[in-house]
Amino acid sequence: MQDLALALALAVYNVASLIPEARQLQLPYVAFLLVVLQALPLTWRRRWPVAVFFAVGVPRVIYDQLAWSFDPLPLASAIAYYTVMDRCPTRVRVVISAVLAFSVIRSQTLPGHNEPYDFFVVALQFVVAGTLGILSRTRRAYLQAVEVRAEQAEAERDRQVALAAADERTRIARELHDVVAHHVSLMAVQSEAAAALLPGRPAEAAKAVDIIGHTAREALTELRRLLGVLRGPAEVNGRAATAPAPSISALDEVLGQVRQAGIHVNLRVEGQPGKLPPGVDLTAYRIVQEALTNIVKHSGASEAAVTVSYEPGYVTVSVTDTGNGAVAVTLGRQARRGRAGSPAGGGARPAASGGFGLAGIAERVASCGGKLTVGPGEAGGFAVTARLPAS
């Protein structure tokens with residue numbers, strides 16, 4: 001519609017410019033027809049720029065060949081040339097420019113073009129039109145490049161958000177495994193003990209049941225804390241109310257639960273305790289929790305030792321037990337068995353089928369840039385040792 005309006009306006013201008021000269025023109029109606037035909041094809045200049053260029057140029061050439069004394073400004077030809085320079089590929093633009101140059105020179109040799117400045121005026125018009133076409137083409141290409149870069153940046157941002165969401169889901173999955181595996185394992189051990197003690201030792205069975213209830217409540221507390229991250233923190237008096245994350249400096253609760261399961265646990269802290277990065281602090285806590293859970297579930301040990309060693313730039317956590325010597329290291333869905341001091345592997349402790357405990361520990365340690373060692377302990381049993389960067 002814009003191009004149609006432009007074509008009609010230019011046709012009206014051409015006709016209006018000829019009216020004062022109509023008496024001096026031979027065949028004035030032919031002249032009016034030719035100047036109208038020069039303008040009307042501009043309606044389709046964006047769709048077929050080359051065809052419109054020639055459709056505009058042919059009436060103009062015929063008008064010049066009739067050698068009338070008055071020629072309207074070649075605005076239609078200039079606009080058609082502008083469109084070619086704006087819309088067409090380089091090879092087409094070069095060919096059209098050559099055809100235009102030949103036509104301009106040829107028209108200046110016809111009668112009625114006696115003034116020397118005629119050529120320069122016409123040439124300047126087409127040079128300006130072509131330059132504007134190139135500038136328009138360049139600007140459009142620039143805007144398209146900017147849009148492409150913006151789309152790429154948005155796609156990259158979406159990809160980063162998706163990766164961050166995947167990492168967060170993995171972290172939450174690890175947290176859920178650690179919380180559920182630890183507390184449910186303790187509950188299973190105590191329920192079995194209660195069932196064994198119930199007929200003849202009801203007092204001790206009742207104590208075991210109390211431990212089950214206490215452990216279940218602690219599991220619910222940790223699950224609420226973890227799942228509360230997904231739905232957003234609650235607000236108390238206008239402030240976000242969130243429970244503190246577990247810390248390696250607060251192991252008393254985990255050790256108390258394991259002791260209630262009948263395993264004596266010794267805690268030793270070496271060096272000067274310092275503030276750890278939150279990720280490292282939580283990783284160290286979960287390593288101790290998962291290792292103690294494995295001892296309760298698989299070792300048959302009566303004693304365990306937890307060592308937390310602080311040194312410049314690093315913190316080392318180690319969990320060992322005095323199990324029956326054989327171990328089953330479960331990483332992902334494959335278990336590798338060995339036995340301290342005996343390659344035969346007799347009396348191996350059972351492995352958790354399809355468990356992800358030690359695999360989760362390995363992933364946590366790797367995410368912190370630390371080093372994990374698992375295997376038979378020096379004095380028998382099983383040992384889990386992780387050295388984590390403290391800064």
Side-chain angles (χ1 to χ4, degrees), residues 1-19 21 25 27-68 70-110 112-113 118-151:
M1 296 303 295
Q2 293 177 353
D3 291 338
L4 175 61
L6 174 64
L8 293 177
L10 189 57
V12 171
Y13 167 78
N14 287 344
V15 171
S17 65
L18 276 183
I19 291 177
E21 308 293 334
L25 297 175
L27 304 175
Y29 294 106
V30 175
F32 284 122
L33 177 62
L34 289 175
V35 295
V36 170
L37 291 177
Q38 290 179 39
L40 292 183
L42 293 177
T43 304
W44 302 278
R45 68 184 184 91
R46 300 175 197 261
R47 184 175 299 178
W48 302 298
V50 176
V52 168
F53 175 81
F54 286 104
V56 169
V58 169
R60 181 70 188 188
V61 170
I62 295 174
Y63 189 98
D64 288 338
Q65 291 291 334
L66 294 176
W68 282 317
F70 178 79
D71 293 334
L73 290 174
L75 295 179
S77 299
I79 294 173
Y81 181 60
Y82 161 87
T83 307
V84 169
M85 300 300 287
D86 180 36
R87 301 280 174 170
C88 295
T90 302
R91 184 174 299 177
V92 174
R93 287 183 287 156
V94 171
V95 173
I96 293 298
S97 297
V99 171
L100 177 64
F102 173 78
S103 300
V104 170
I105 295 173
R106 178 74 178 82
S107 67
Q108 296 302 308
T109 63
L110 298 175
H113 298 279
D118 285 349
F119 172 78
F120 294 103
V121 171
V122 174
L124 180 62
Q125 291 175 353
F126 286 107
V127 167
V128 171
T131 302
L132 292 177
I134 293 174
L135 291 177
S136 175
R137 181 187 185 90
T138 303
R139 174 176 171 77
R140 188 170 62 255
Y142 169 76
L143 293 178
Q144 289 175 351
V146 170
E147 291 178 358
V148 169
R149 287 197 296 270
E151 291 175 357

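- One distance of note links CZ of Arg93 with CZ of Arg137; it measures 4.0 Å at 0.5 Å rounding.
- To the nearest 0.5 Å, the span separating CG on Leu37 from CZ on Arg60 amounts to 13.5 Å.
- Proximity of a side-chain donor or acceptor of Ser136 to a complementary backbone N or O of Leu132 within less than 3.5 Å is not detected.
- One finds the CG atom of Asp86 at 13.0 Å from the CD1 atom of Ile79 (value rounded to the nearest 0.5 Å).
- By the neighbour-count criterion of 12 heavy atoms within 6.0 Å, atom CZ of Arg47 is sparsely surrounded, having that number or fewer from other residues, nucleotides or ligands.
- Annotation: Arg139, atom CZ; neighbour count of heavy atoms from other residues, nucleotides and ligands within 6.0 Å does not exceed 12.
- The two residues Ser97 and Met85 make their nearest non-hydrogen contact at OG-SD, 3.9 Å.
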Does the side chain to side chain contact (heavy atoms under 4.5 Å, CB included) test come out yes or no for Phe54 and Val99, once each step is laid out?
-> CA-CA 10 Å; Phe54 286 104; Val99 171; 4.3 Å; yes
Take Ile96 and Tyr81 through the test side chain to side chain contact (heavy atoms under 4.5 Å, CB included) and record every step on the way to the result.
-> CA-CA 8 Å; Ile96 293 298; Tyr81 181 60; 4.1 Å; yes
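- Considering all non-hydrogen atoms of both residues, Ala78 and Ala129 come closest at O-CB, 3.4 Å.
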Leu42 and Asp3: side chain to side chain contact (heavy atoms under 4.5 Å, CB included), yes or no, with the steps?
-> CA-CA 6 Å; Leu42 293 177; Asp3 291 338; 5.9 Å; no
Start with the C-alpha gap between Leu40 and Leu8, add the side-chain angles, then the distance that decides, and say whether side chain to side chain contact (heavy atoms under 4.5 Å, CB included) holds.
-> CA-CA 7 Å; Leu40 292 183; Leu8 293 177; 4.1 Å; yes
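- Annotation: the span from Gln38 atom CD to Leu10 atom CG amounts to 8.5 Å, rounded to 0.5 Å.
- With contacts defined as side-chain heavy-atom distances shorter than 4.5 Å, the pair Trp48/Pro41 does not qualify.
- Heavy atoms only, all atoms of each residue included: Val50 and Cys88 are closest at CG2-SG, 3.8 Å.
- Looking only at distances, no side-chain donor or acceptor of Arg87 sits under 3.5 Å from a matching main-chain atom of Arg45.
- Ala11 approaches Ala39 most closely through the heavy-atom pair N-CB, 3.5 Å.
- In this structure, OG1 in Thr43 is found 9.5 Å from CE in Met1, a value given to the nearest 0.5 Å.
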